Amino acid sequence: MTDVTGVPVDVLRTLFHSDQGGHEQVVICQDRASGLKAVIALHSTALGPALGGTRFYPYASEEEAVADALNLSRGMSYKNAMAGLDHGGGKAVIIGDPALVKTEELLLAYGRFVASLGGRYVTACDVGTYVADMDVVARECRWTTGRSPENGGAGDSSVLTAFGVFQGMRASAQHLWGDPTLRGRKVGVAGVGKVGHHLVQHLLSDGAEVVVTDVREESVRRITDLHPEVSVAADTDALIRAEGLDIYAPCALGGALNDETVPVLTAKVVCGAANNQLAHPGVEKDLADRSVLYAPDYVVNAGGVIQVADELNGFDFDRCKAKATKIFDTTLAIFARAKADGIPPAAAADRIAEQRMADARRP
């Protein structure tokens with residue numbers, strides 16, 4: 001069923017009546033010539049122009065694409081607020097299999113839609129889009145980050161993302177064990193791709209014992225070839241049950257913390273790079289009830305967004321790294337707020353982010 005505009009009614013219901021409502025602006029984009037179908041969602045511009053990546057994914061339905069854009073853009077508001085950036089939250093999704101439908105014409109058409117927002121939304125890479133894609137988008141839109149160094153950008157943001165997660169782990173160790181080092185701690189890393197393999201290097205340099213797993217054999221082999229001392233778990237299920245595990249780092253897909261995994265976790269800390277680790281509301285309380293310290297994902301994995309935001313001012317790696325180092329202090333502040341308020345760290349992080357956005361709206 002559609003309304004008079006031809007838009008499916010369930011999509012409009014998602015926009016106006018879902019729990020994810022309250023967005024400032026949602027743009028439905030279509031370019032028939034290139035085949036582009038996209039959704040750009042701006043959750044908040046209270047702190048400044050909305051900043052967030054472009055996801056290119058073969059969604060099962062338009063409603064699913066809209067829901068993902070709404071959810072992801074809301075998450076970016078909180079991430080940017082906690083990272084201390086002068087940016088609100090936005091996200092775009094392009095509907096389709098990038099391996100089949102991604103073309104230069106489509107990316108240029110998408111760039112024109114982003115440009116039509118006049119700077120209210122700044123885009124970057126996400127799942128299914130890469131630095132080379134952002135170089136194409138930037139030909140039509142100056143509000144594009146995540147570009148190649150050859151085109152005035154900062155390139156791959158995984159280095160600083162991993163560094164920020166490492167700072168979150170150090171803060172977790174300080175809070176739980178009184179010492180900000182991972183030396184002698186056993187850390188399990190699930191997913192050793194772009195971010196995970198950099199994280200492993202930080203952990204080994206700090207003296208941690210590392211166990212890894214990944215669905216891609218070549219990713220694991222890359223780690224073990226360089227670092228034979230790293231152990232390998234058969235799969236994520238085996239990793240989270242590993243004896244003596246101190247820290248679990250989900251660095252692959254979202255939803256890693258759910259009703260099946262939380263009860264069997266052996267680790268005392270969860271701190272990883274994956275987005276949306278909590279499968280549903282209430283998981284954060286389940287972790288707290290089991291005395292598992294959770295470092296909120298959108299706080300510790302903010303190194304990447306810190307990098308792409310800096311690109312707008314002329315990228316400087318040392319400046320970005322200094323900002324990413326502050327993730328240590330931010331994570332400690334969240335743990336302190338959680339203890340003071342008697343709430344899980346995820347809820348404490350939300351409160352701090354919401355307060356910053358509310359303060360920015362006041363005249």
Side-chain angles (χ1 to χ4, degrees), residues 53 55-57 68 72 75 79 98 125-130 156-170 172 182 185-206 208-242 245-258 260-262 264-279 283 287 292 294-305 307 324 327:
R55 181 163 296 190
F56 206 138
Y57 189 78
D68 203 29
L72 292 168
K79 177 181 287 194
C125 302
D126 196 76
V127 174
T129 59
Y130 303 91
D156 183 13
S157 62
S158 61
V159 173
L160 282 180
T161 301
F163 179 71
V165 173
F166 177 61
Q167 297 307 314
M169 281 193 189
R170 292 181 63 247
S172 300
L182 285 308
R185 300 294 175 188
K186 187 173 183 178
V187 183
V189 182
V192 285
K194 285 199 299 185
V195 175
H197 86 274
H198 289 300
L199 178 60
V200 168
Q201 184 60 59
H202 287 301
L203 294 169
L204 292 173
S205 297
D206 201 34
E209 176 187 351
V210 179
V211 186
V212 303
T213 191
D214 197 298
V215 295
R216 295 157 298 187
E217 215 173 292
E218 63 273 19
S219 296
V220 172
R221 195 180 310 115
R222 176 174 60 169
I223 294 292
T224 54
D225 285 349
L226 287 172
H227 306 288
E229 69 273 27
V230 170
S231 302
V232 178
D235 52 30
T236 301
D237 189 57
L239 179 66
I240 64 175
R241 298 169 185 264
L245 195 67
D246 293 300
I247 301 173
Y248 170 47
C251 294
L253 299 177
L257 303 172
N258 54 51
E260 287 72 44
T261 58
V262 170
V264 298
L265 272 175
T266 57
K268 291 299 181 186
V269 173
V270 175
C271 178
N275 286 309
N276 303 320
Q277 292 171 26
L278 303 176
V283 175
L287 288 164
V292 176
Y294 173 62
D297 50 38
Y298 69 79
V299 175
V300 302
N301 69 13
V305 76
Q307 175 170 316
I327 290 174

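Treat the numbers as computed from the prediction; the structure is a model and nothing was measured.
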I'd like a table of donor-acceptor pairs (distance under 3.5 Å, sequence neighbours excluded) in which one partner is a side-chain atom from residues 187-200, with atom names and distances.
unit_1 : atom_1 : unit_2 : atom_2 : d
H197   : ND1    : G193   : O      : 2.8
H197   : ND1    : K194   : O      : 3.3
H197   : ND1    : R222   : NH2    : 3.2

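- Listed by chain and number, the residues in a side-chain contact (heavy atoms from CB on, under 4.5 Å) with A252 amount to none (sequence neighbours excluded).
- Residues satisfying the side chain to side chain donor-acceptor pair (under 3.5 Å) criterion with T236, sequence neighbours excluded, are absent altogether.
- Between the side chain of S205 and the backbone N or O of Q201 there is at least one donor-acceptor pair closer than 3.5 Å.
- Residues V269 and R185 form no side-chain contact, since every pair of their non-hydrogen atoms from C-beta on lies 4.5 Å or further apart.
- In terms of heavy atoms, S157 sits closest to Q307 at CA-NE2, 3.4 Å.
- Across all non-hydrogen atoms, the minimal contact from Y294 to Q277 is CE1-OE1, 3.5 Å.
- Taking CD1 from I247 and CG from L182, the interatomic distance works out to 4.5 Å, rounded to the nearest 0.5 Å.
- Pairing each heavy atom of L160 with each of A324, the nearest pair is CD2-CB, 4.5 Å.
- Side-chain atoms of N301 come within 3.5 Å of backbone atoms of D297 as a donor-acceptor pair (strictly under, hydrogens ignored).
- Contact detail for G168 and I327: the closest heavy-atom pair is N-CG2, 4.2 Å.
- The side-chain contact (heavy atoms from CB on, under 4.5 Å) check on K186 picks up E209, V211, L245, D246, with sequence neighbours excluded.
- When the side-chain contact (heavy atoms from CB on, under 4.5 Å) test is applied to E217, the partners found at least two apart in sequence or on another chain are R221.
- Residues satisfying the ring-ring contact (aromatic ring centres under 6.0 Å, His included) criterion with F56, sequence neighbours excluded, are absent altogether.
- Annotation: side-chain contact (heavy atoms from CB on, under 4.5 Å) contacts of V232 (sequence neighbours excluded): V212, V220, T224.
- Q167 pairs by the side chain to side chain donor-acceptor pair (under 3.5 Å) definition with R170, not counting sequence neighbours.
- Not counting sequence neighbours, the partners of D126 by the salt bridge (Lys or Arg N to Asp or Glu O under 4.0 Å) test are R55, K91.
- Taking every heavy atom of both residues into account, T266 and A242 meet most closely at OG1-O, 2.7 Å.
- Sorted by first then second residue, the salt bridge (Lys or Arg N to Asp or Glu O under 4.0 Å) pairs that include residues 231-241, not counting sequence neighbours, are D237-R241.
- For A273 against C251, the heavy-atom pair with the smallest separation is N-SG, 3.6 Å.
- The closest donor-acceptor contact from the side chain of D156 to the backbone of S158 lies under 3.5 Å.
- D214 meets the salt bridge (Lys or Arg N to Asp or Glu O under 4.0 Å) test with R216; sequence neighbours excluded.
- Rounded to the nearest 0.5 angstrom, Y57 OH and D68 CG are separated by 8.5 Å.
- For S219, there are no side chain to side chain donor-acceptor pair (under 3.5 Å) partners at least two apart in sequence or on another chain.
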